[in-house]
Number of protein chains: 2
Amino acid sequence: MSCEGEAVAILRQSGHKLTPQRLMVVSALRHAGGHQTAAQILEQVQRVYPYVDVSTVYRTMAVLNELRLVTETDMGGGELAYEWATDEPHHHLICHDCGAVQQVDHAALDHLAETLGDDYGFRADLHHFAIFGTCRACSGQSRTT
Amino acid sequence: MSCEGEAVAILRQSGHKLTPQRLMVVSALRHAGGHQTAAQILEQVQRVYPYVDVSTVYRTMAVLNELRLVTETDMGGGELAYEWATDEPHHHLICHDCGAVQQVDHAALDHLAETLGDDYGFRADLHHFAIFGTCRACSGQSRTT
DNA sequence: GTTGGTGCAAATGATTTGCAAAAGG
DNA sequence: CCTTTTGCAAATCATTTGCACCAAC
């Protein structure tokens, strides 16, 4: 697929080898669209080739993350989520009630970053953020969980 | 210590038992001041009474967290940090360069919460937040404004 | 052929849990 | 007493690593 070409090129340019496993991982992640855990990626890849190991997924994600091809987000639940890197940074609002995930424009956090920089001299590393809370639907209907 | 009285009262009121272990955990956490990992709390407690187990610390923290006496913060490194709950919520700026931790007034995040509520109908659960980045010292005194 | 990549299995490290004994109210 | 809590040990669960083999370049 031509859409993987970019990744392939970067991978080769950086002196990494091009293996079917890596292609499958990249493909799985791109095809999935959203954020995926290592286990989810593994599951996808194993549908095509069952002999792939989790460690390979982790190692591949480490490489891709280093090359800025994917982002690694700590979703708070002990599991890391990986997402294919897009041009513009965005963030996730996760409803801990219904589990819905909403994307947030970076602009919303931009203001925060500015404030932190101004008032605290802190350059916040807000490339990819997960914010927990209650979505509109859930905060509107039930008061008891 | 009289300063533990509040916790003792709440503990008893909520139908929980008052055990020396819990007192020691509370004392350790209050005495420490900042955020502590389970392991750090355990270490403190074991100085007084070595037979306390990690599981007890975790179970105690779960109880205290439920009673809003402590906050549980995901510091991103696979370890949870616990902190004695203060009246006003605050957040942490953690420099991933030098490890310095800076507190941030809740007001800074308040704006973000408002934005998320307004634009996305999302009630962000920003009670206690850890933000990673580079502190002023480590970013080389250079301001980005 | 080198060098890096892979699969496997076993290690790690934080947190959880089952269970019998001990202690709080 | 009766129920909760504890200590211990063993179990999870996500992630990492050592190592012998295999494949890309």
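Convention: sequence-line order gives letters A, B, ...; per-chain numbering from 1. Every value quoted in this text rests on a predicted model; they were computed, and no experiment measured them.
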Let me know the distance between CE of B:Met61 and P of D:dT5, rounded to the nearest Å.
15 Å

Which pairs, protein N/O on one side and nucleotides 20-24 of chain D N/O on the other, fall under 3.5 Å?
residue, atom, partner, partner atom, Å
D:dA24, N3, A:Lys17, NZ, 3.3

Sorted by first residue and then second, give each salt bridge (charged side-chain N to carboxylate O under 4.0 Å, His left out) pair with at least one member in residues 11-22 of chain A; sequence neighbours left out.
none

Answer yes or no: is there a side-chain heavy-atom contact under 4.5 Å between B:Leu109 and B:Val104?
no

Which residues share a ring pair (Phe, Tyr, Trp, His ring centres under 6.0 Å) with A:His31, sequence neighbours left out:
none

Could you state the atom-to-atom distance from CG of B:Leu11 to P of C:dA23 in whole Å?
19 Å

If a pair satisfies salt bridge (charged side-chain N to carboxylate O under 4.0 Å, His left out) and one of its residues is in residues 39-58 of chain A, list it, with sequence neighbours excluded.
A:Glu43-A:Arg47

Five-pair end axes of the helix from C:dG1-D:dC25 to C:dG25-D:dC1 and the angle they enclose, rounded to 10°
30°

Sequence neighbours excluded, which residues qualify as side chain to side chain contact (heavy atoms under 4.5 Å, CB included) partners of B:Asp105?
A:Tyr120, B:Glu88, B:Ala107

Atom pairs and distances, side-chain donor-acceptor, residues 57-64 of chain B, under 3.5 Å, sequence neighbours left out:
residue, atom, partner, partner atom, Å
B:Arg59, NH2, B:Ser55, OG, 3.0
B:Thr60, OG1, B:Thr56, O, 2.7

Are any protein N/O atoms closer than 3.5 Å to N/O atoms in nucleotides 11-18 of chain D? If there are, list each pair with its distance.
residue, atom, partner, partner atom, Å
D:dA14, O3', A:Gly78, O, 3.2
D:dT15, OP1, A:Leu80, N, 2.8
D:dT15, OP2, A:Tyr58, OH, 2.2
D:dT15, O5', A:Tyr58, OH, 3.1
D:dG18, O6, A:Arg59, NH1, 3.4

Rounded to whole Å, please give me the gap between CE in B:Met24 and P in D:dT5.
15 Å

Partners of A:His90 by ring pair (Phe, Tyr, Trp, His ring centres under 6.0 Å), sequence neighbours excluded?
A:His92, A:His128

Rounded distance (Å) that lies between atom C1' of D:dT5 and atom OH of B:Tyr51:
19 Å

Return the value, rounded to whole Å, for the distance between atom CD of A:Gln46 and atom C1' of C:dG7.
11 Å

Quick one: OG1 on A:Thr71 to NE2 on A:His91, what's the gap to the nearest 0.5 Å?
10.5 Å

Phosphate OP1/OP2 of C:dG7: any A:Gln21 side-chain N/O under 4.0 Å
yes

Value in whole Å for how far the P atom of C:dA14 lies from CG of A:Asp74:
15 Å

Could you tell me which residues satisfy salt bridge (charged side-chain N to carboxylate O under 4.0 Å, His left out) with A:Glu114, sequence neighbours excluded, listed by chain and number?
none

Test side chain to side chain contact (heavy atoms under 4.5 Å, CB included) applied to B:Ala81 - qualifying residues, sequence neighbours left out:
B:His35, B:Met75

With sequence neighbours excluded, tell me which residues meet side chain to side chain contact (heavy atoms under 4.5 Å, CB included) with B:Leu80.
B:Glu72, B:Asp74, B:Tyr82

